[in-house]
There are 2 protein chains.
Amino acid sequence: MSTMKAERVTRMSAEDRRELVLQAGTRAFAHGGYHGTSTDAVAREAGVSQPYVVRIFGTKLDLFLEVFERAVGRIKAAFEDVLEERSFDPDSEDDKARMGLAYTELLRDHDFLQVMMHGFSNGDVPEIAGAARRCMGDVFATIQRTGWDDEKVRDFVAYGMLLNVMISMRAPEHLEPGDPLTTLATCAFGDGLEVLQSPA
Amino acid sequence: MSTMKAERVTRMSAEDRRELVLQAGTRAFAHGGYHGTSTDAVAREAGVSQPYVVRIFGTKLDLFLEVFERAVGRIKAAFEDVLEERSFDPDSEDDKARMGLAYTELLRDHDFLQVMMHGFSNGDVPEIAGAARRCMGDVFATIQRTGWDDEKVRDFVAYGMLLNVMISMRAPEHLEPGDPLTTLATCAFGDGLEVLQSPA
DNA sequence: ACCTTAAGTAATCGACTGATAACATGTCAA
DNA sequence: TTGACATGTTATCAGTCGATTACTTAAGGT
């Protein structure tokens, strides 16, 4: 029995479709990384055919680079929001907490963080490594706008990297009492652990 | 003209060959990660045929897991050496520096660090994610033996993750004056930058 | 010298991947 | 209404991958 519906297939503007595929790509690449995700996986996630995603972006590499830079842009924007919503005091513990919270909020939908992580750890693809360096520099420069000295900024970024790694290895979903990893997780995520489990 | 040498082909014990392939696997996986490295690439690096590496380890996954756990074991061992070579004072800045130096020494041959990083960022393969959690817990527990409080241990580990990421994106080879990434690199690696460029 | 065991390879397979080409159809201005 | 263009798909390809099978030959005890 084949489908009876002579379904009216409506089309999308190239711009909208591109955006949709970029979002699908973010989800897909977040899981498998660059090498571990096929263009077909992205296509299925987006609900289009595989050749079409290749045609939109040219190559898989170009698609990944765009997904990656958007993800990092999104993360940078979260910090910029904190810096711009009111004056930032470099010596205020409270303002530092606001900065940390901005990152914690990103944990809720961690696709961006994982895409960023995958970009950072793909040094064998020169174009990705280059983009990673540029983006990491951007993020560092953004955090520098807090007025903190370089060491404090460095520590903040380092802390973020730890959270990324913990997310990557699915630590929050595997907390067992007595496990040293659980100690690390609770002391790394802090209140963020609850955020991770809250609805939306 | 075919080769005249009826070359005497000598064989190796399975144990030795296994060790050799593990070392080759470490180099290969350090570059491409799990998904980005073929068993054939490992075989070529080891100078044996591709089916043979598969036969030694069963599957590519088993090979990677073994390479990964060895790498993390090596890193753990570096910390244990510091803890055991003489009594460790939790409050000594000097002893903390010794701990940091142990990691910096590992930068010299960073294959182990990169393999560790690749394991940490491959959360989509359940077996790898599981091994990553266990190994991260092990490392954390090892650092805890310093007597530091959990926050200090956490910060130490976080700092290590930053170094891993910087190595991964080839930051030390791409330092350009004026680039914010250069600021981050100099302030993250410190004296380690010289170590990275020293001969052996 | 022989023969069993173990080290190692060549040949090959089915599945998958990224990309290309050819084709189909919705959309919209004239 | 029509025709040109933009949005999409189906079919297909050459290359790569992990794995299996069958074969080869060095090593070593008797």
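These numbers come from a predicted model, not from an experiment. In what follows, every heavy atom counts, from backbone to side chain, and hydrogens, waters and symmetry copies are set aside. We name chains A, B, ... by the order of the sequence lines, and we start the count at 1 in each one.
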Query raised in the report: Any side-chain N or O of A:Thr10 under 4.0 Å from OP1/OP2 of C:dT27?
Result: yes
Requested in this report: Mark yes or no for a side-chain to base donor-acceptor pair under 3.5 Å between B:Arg17 and C:dG8, with no hydrogen or angle criteria applied.
Outcome: no
Query raised in the report: Whole-Å distance between D:dC17 C1' and B:Tyr34 OH?
Result: 11 Å
Query raised in the report: Have B:Asp124 and B:His35 got a donor and an acceptor in their side chains that come within less than 3.5 Å?
Result: yes
Query raised in the report: In terms of side-chain geometry, is the basic nitrogen of A:Arg98 or A:Asp95 positioned less than 4.0 Å from the acidic oxygen of its partner?
Result: yes
Query raised in the report: Contact class for A:Ser49 vs. all strands (heavy atom < 4.0 Å): base, sugar-phosphate, or nothing?
Result: base
Query raised in the report: Under 4.0 Å: is that the gap between some side-chain N or O of B:Thr39 and OP1 or OP2 of D:dT16?
Result: no
Query - Residue-phosphate contact under 4.0 Å: A:Tyr52 side-chain N/O, D:dG8 OP1/OP2 - result: yes
Requested in this report: Find the distance A:Lys60:NZ to C:dA19:C1' and express it as a whole number of Å.
Outcome: 12 Å
Report task. Answer yes or no: is there an ion pair linking A:Arg18 with A:Glu66, defined by an N-O contact shorter than 4.0 Å? Result -> yes
Query raised in the report: To the nearest angstrom, how far is B:Arg11 atom CZ from C:dT5 atom P?
Result: 15 Å
Query raised in the report: Rounded to the nearest Å, what distance is computed from the CZ atom of residue B:Arg44 to the C1' atom of nucleotide D:dC17?
Result: 12 Å
Query raised in the report: Taking atom P of D:dA6 as reference, at what distance in whole Å does atom CG of A:Asp16 sit?
Result: 16 Å
Query raised in the report: Considering all heavy atoms of both residues, which atom of A:Ala185 and which atom of A:Leu175 are nearest to each other, and what is their separation?
Result: CB-CD2, 3.7 Å
